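For reference, the structure is listed below as structure tokens.
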2 protein chains.
Amino acid sequence: MTLLVRTDYPDPLWLQAVDVIRRDVADGRLPVGSRLPPERELCEALSISRVTLRKALARLVDEGVLRSSHGRGWFVASGGGTDWPNSLESFSETADRMGLRASSRILRQEIVPATIDEAEELSVAPGSPLFHLERVRLLDDVPVAMDDSRVPAALVPGIEHIDFGLASLYERLASEGVDPHRADSTIEARSADDSLATHLSVQPGTPVLVMHQLVVDSLEHPVLASTIRYAGERYRLRTAFARSQKADHR
Amino acid sequence: MTLLVRTDYPDPLWLQAVDVIRRDVADGRLPVGSRLPPERELCEALSISRVTLRKALARLVDEGVLRSSHGRGWFVASGGGTDWPNSLESFSETADRMGLRASSRILRQEIVPATIDEAEELSVAPGSPLFHLERVRLLDDVPVAMDDSRVPAALVPGIEHIDFGLASLYERLASEGVDPHRADSTIEARSADDSLATHLSVQPGTPVLVMHQLVVDSLEHPVLASTIRYAGERYRLRTAFARSQKADHR
DNA sequence: GGTAGCAAGAGGTATTTACAAACTCGAAAC
DNA sequence: GTTTCGAGTTTGTAAATACCTCTTGCTACC
């Protein structure tokens with residue numbers, strides 16, 4: 001605990017205390033399961049009052065870093081800090097959580113006329129311009145998924161000139177006033193075909209997780225259809241489902 | 001604000017204050033968007049100190065009931081932001097939609113002591129009795145999935161004698177006052193091992209969709225852990241994700 | 001040898017007090 | 001007429017203090 005909190009810093013003292021303790025946990029100076037010094041000692045060590053310290057500790061409980069035991073002390077929570085998304089965890093959120101770097105490799109980016117099937121799914125006229133974006137998604141330069149997205153070109157003028165190696169498709173849609181509201185999805189397990197296996201650097205036939213999503217705005221207009229194929233050994237979807245009372249699993 | 005907090009009640013004052021304010025909001029005495037009296041007035045009205053009141057207010061922010069504006073006051077938050085209608089189509093709903101008949105074949109139904117891992121996941125003591133239910137789920141007598149569920153036996157007395165070829169696990173839990181509230185889930189693609197392949201009547205190595213769920217009640221107590229393995233060629237999860245507009249609290 | 005009870009140490013709750021920072025609004029200055 | 005300033009109000013942060021409850025371990029008693 002070398003760092004102290006400083007009154008001449010702009011951040012509130014309790015936030016500085018949060019950072020100090022969180023860092024000590026992350027660096028292993030406070031191993032998982034270990035007990036922290038008593039509150040009164042921590043106060044002295046950090047030169048803050050007990051109220052301020054307890055505000056910091058409360059935040060760390062919220063973050064799942066610590067837990068308290070009445071009469072016994074403060075303990076570093078087990079690393080399984082179940083930090084569940086309340087919707088589907090996005091690719092970059094997964095990367096953040098695992099401390100990895102997310103990136104993309106563009107395979108295809110063009111505007112083509114919509115086929116009958118595409119037109120039907122996205123509620124546009126057959127032959128109307130459709131933006132195709134095909135990317136390999138990587139975590140720390142390891143290919144993890146193939147993302148094939150289609151957007152009606154009319155929604156985002158000039159979309160074919162955006163560099164999606166850097167830009168986020170969702171952010172671009174949002175900046176054009178497109179408001180993703182719901183994503184109707186199907187999820188299934190398939191075998192990798194030769195083409196997919198090549199792009200993901202896996203053996204043909206290995207299991208892949210195929211998620212197809214149709215994203216609609218608040219007026220139920222389709223704005224994006226995407227198919228993401230995840231290498232089964234390299235990715236795991238995380239989400240939280242609300243259980244309606246009538247859901248029966250007979 | 002008719003009710004007061006009382007020092008001679010067992011609940012902490014700040015918790016009583018939370019209840020009072022939450023009730024006022026629920027009853028419409030504090031309409032959505034309205035401003036609360038200043039903290040100092042609330043302190044006096046509730047006969048508690050400002051620190052105690054602020055602890056209550058902080059909790060209500062966590063619950064999404066209130067929000068504060070520096071220099072302006074406290075406001076009742078719009079209730080419609082925090083809903084997360086992520087839903088997952090259940091096995092029997094899928095059967096209904098496709099006009100098929102859902103059934104189960106029991107492989108294993110017994111009470112065994114919880115292992116360390118199981119105990120940790122379900123927040124019970126290691127060695128405490130755990131109900132294991134292993135079933136093959138069929139659609140029109142075709143095996144489609146293998147369901148392995150674990151429930152703390154204390155939740156449903158006599159659970160080991162129920163015929164789950166007919167009864168619904170969720171209905172049984174509900175009838176015992178267990179209220180499934182949320183299911184934290186991971187979904188991945190794997191290859192079928194020999195045992196699974198036999199039960200599902202597929203070739204070993206074919207892709208399977210593995211969904212693991214931890215179901216918790218409204219108090220965040222785990223009530224059920226289940227792993228369902230779907231034959232990739234025979235089943236497709238259908239779900240709707242809400243795109244959360246939520247900001248991070250960093 | 002077992003058990004009840006006490007005391008020390010830990011977190012939990014609550015009060016009082018003080019000052020800082022952000023917002024509102026009206027009055028004065030230009 | 002517009003801007004600027006400042007007083008007043010309100011939330012945000014922080015300290016010092018007191019006492020309660022729970023856990024643990026030791027001690028003394030039976």
Side-chain angles (χ1 to χ4, degrees), chain A residues 1 3-21 24-25 30 33-77, chain B residues 1 3-22 25 30 33-77 125 247 249-250:
Chain A
M1 192 92 59
L3 293 171
L4 285 180
V5 300
R6 308 186 42 160
T7 10
D8 54 345
Y9 273 25
D11 281 351
L13 298 185
W14 65 266
L15 240 180
Q16 295 184 48
V18 167
D19 288 338
V20 169
I21 299 175
D24 280 356
V25 171
L30 292 171
S34 65
R35 214 197 80 177
L36 275 67
E39 292 182 2
R40 280 137 179 115
E41 279 182 33
L42 276 176
C43 297
E44 208 170 343
L46 294 167
S47 315
I48 58 178
S49 76
R50 188 149 164 252
V51 181
T52 307
L53 173 67
R54 283 179 60 80
K55 178 150 189 173
L57 295 174
R59 164 59 67 96
L60 287 163
V61 169
D62 270 359
E63 293 183 6
V65 178
L66 300 181
R67 62 188 180 81
S68 71
S69 178
H70 195 168
R72 302 205 302 136
W74 288 88
F75 299 85
V76 179
Chain B
M1 192 91 58
L3 293 171
L4 284 179
V5 300
R6 307 185 44 159
T7 2
D8 54 346
Y9 273 27
D11 281 350
L13 299 185
W14 65 267
L15 241 179
Q16 295 184 48
V18 167
D19 288 338
V20 169
I21 299 174
R22 199 199 287 115
V25 171
L30 292 172
S34 66
R35 213 196 84 177
L36 275 68
E39 291 182 2
R40 269 113 179 147
E41 281 182 33
L42 278 175
C43 296
E44 207 171 343
L46 294 167
S47 314
I48 58 178
S49 75
R50 190 157 159 246
V51 179
T52 306
L53 172 67
R54 283 180 60 81
K55 178 150 187 172
L57 295 174
R59 163 62 66 94
L60 288 163
V61 168
D62 271 358
E63 294 182 7
V65 177
L66 300 181
R67 63 189 179 79
S68 72
S69 179
H70 196 167
R72 302 206 305 137
W74 287 88
F75 300 85
V76 179
H249 39 208
R250 198 175 303 238

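By convention in this document, chain letters (A, B, ...) are assigned in the order of the sequence lines, proteins followed by strands, and residues within each chain are numbered from 1. If you're wondering where the values come from, they're calculated on a predicted model, not measured in any experiment.
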key: Candidates D:dT13, C:dG11, C:dT15 - which lies nearest the side chain of B:Ile48   = C:dT15
query = Which heavy-atom pair separates B:Arg67 from B:Val61 by the least distance, and what is that distance?
reply = CA-CG2, 4.4 Å
ask   = In whole Å, what is the span from the NZ atom of B:Lys55 to the P atom of D:dT13?
value = 16 Å
query = Among the nucleotides C:dA14, D:dT13, C:dG11, which one has an atom lying closest to any side-chain atom of A:Arg54?
reply = C:dG11
inquiry  = Is it the case that atom CZ in A:Arg50 sees more than 12 heavy atoms from other parts of the structure closer than 6.0 Å?
reply    = yes
ask   = To the nearest angstrom, how far is B:Arg67 atom CZ from D:dG12 atom C1'?
value = 17 Å
query = What is the distance, rounded to the nearest whole Å, between atom CD of A:Gln16 and atom P of D:dA14?
reply = 8 Å
query = What's the closest nucleotide to the A:His70 side chain, out of C:dG12, D:dA15, D:dT24?
reply = C:dG12
message = I need the CG-P distance between B:Leu53 and C:dT13, as an integer number of Å.
response = 16 Å
task = Determine: side-chain N/O of B:Ser68 to OP1/OP2 of D:dG12, distance under 4.0 Å, yes or no.
result = yes
ask   = Given atom CH2 of B:Trp74 and atom P of C:dA22, what is their separation to the nearest angstrom?
value = 16 Å
ask   = Between A:Leu46 and A:Leu53, which heavy-atom pair has the shortest distance, and what is it?
value = CD1-CD1, 4.0 Å
query = What's the CZ-C1' distance between B:Phe75 and D:dT10, to the nearest Å?
reply = 10 Å
Out of C:dG12, C:dC23, C:dT15, whichever nucleotide has its closest atom nearest the side chain of B:Arg72 = C:dC23
message = Need to verify one output field. Residue with the more 5' nearest nucleotide on DNA chain C, A:Gly73 or A:Val51?
response = A:Gly73
message = Can you tell me if B:Arg50 touches the phosphate of C:dT16, counting only side-chain N or O atoms and a distance under 4.0 Å to OP1 or OP2?
response = no
message = Given 3.5 Å as the limit, does a donor-acceptor pair link the side chain of B:Arg35 with the main chain of B:Arg72, or not?
response = yes
task = Rounded to the nearest angstrom, tell me the gap between atom CG in A:Leu15 and atom P in D:dA14.
result = 9 Å
note = With the side chain defined as heavy atoms from C-beta on, B:Thr52 is closest, among C:dT15, D:dG12, D:dA14, to C:dT15
task = For the side chain of B:Glu39, starting at C-beta, report the closest nucleotide among C:dT13, D:dG12, D:dA14.
result = D:dG12
Check: B:Arg54 main-chain N/O paired with B:Glu39 side-chain donor or acceptor under 3.5 Å = no
ask   = Whole-Å distance between D:dT10 C1' and B:Leu36 CG?
value = 13 Å
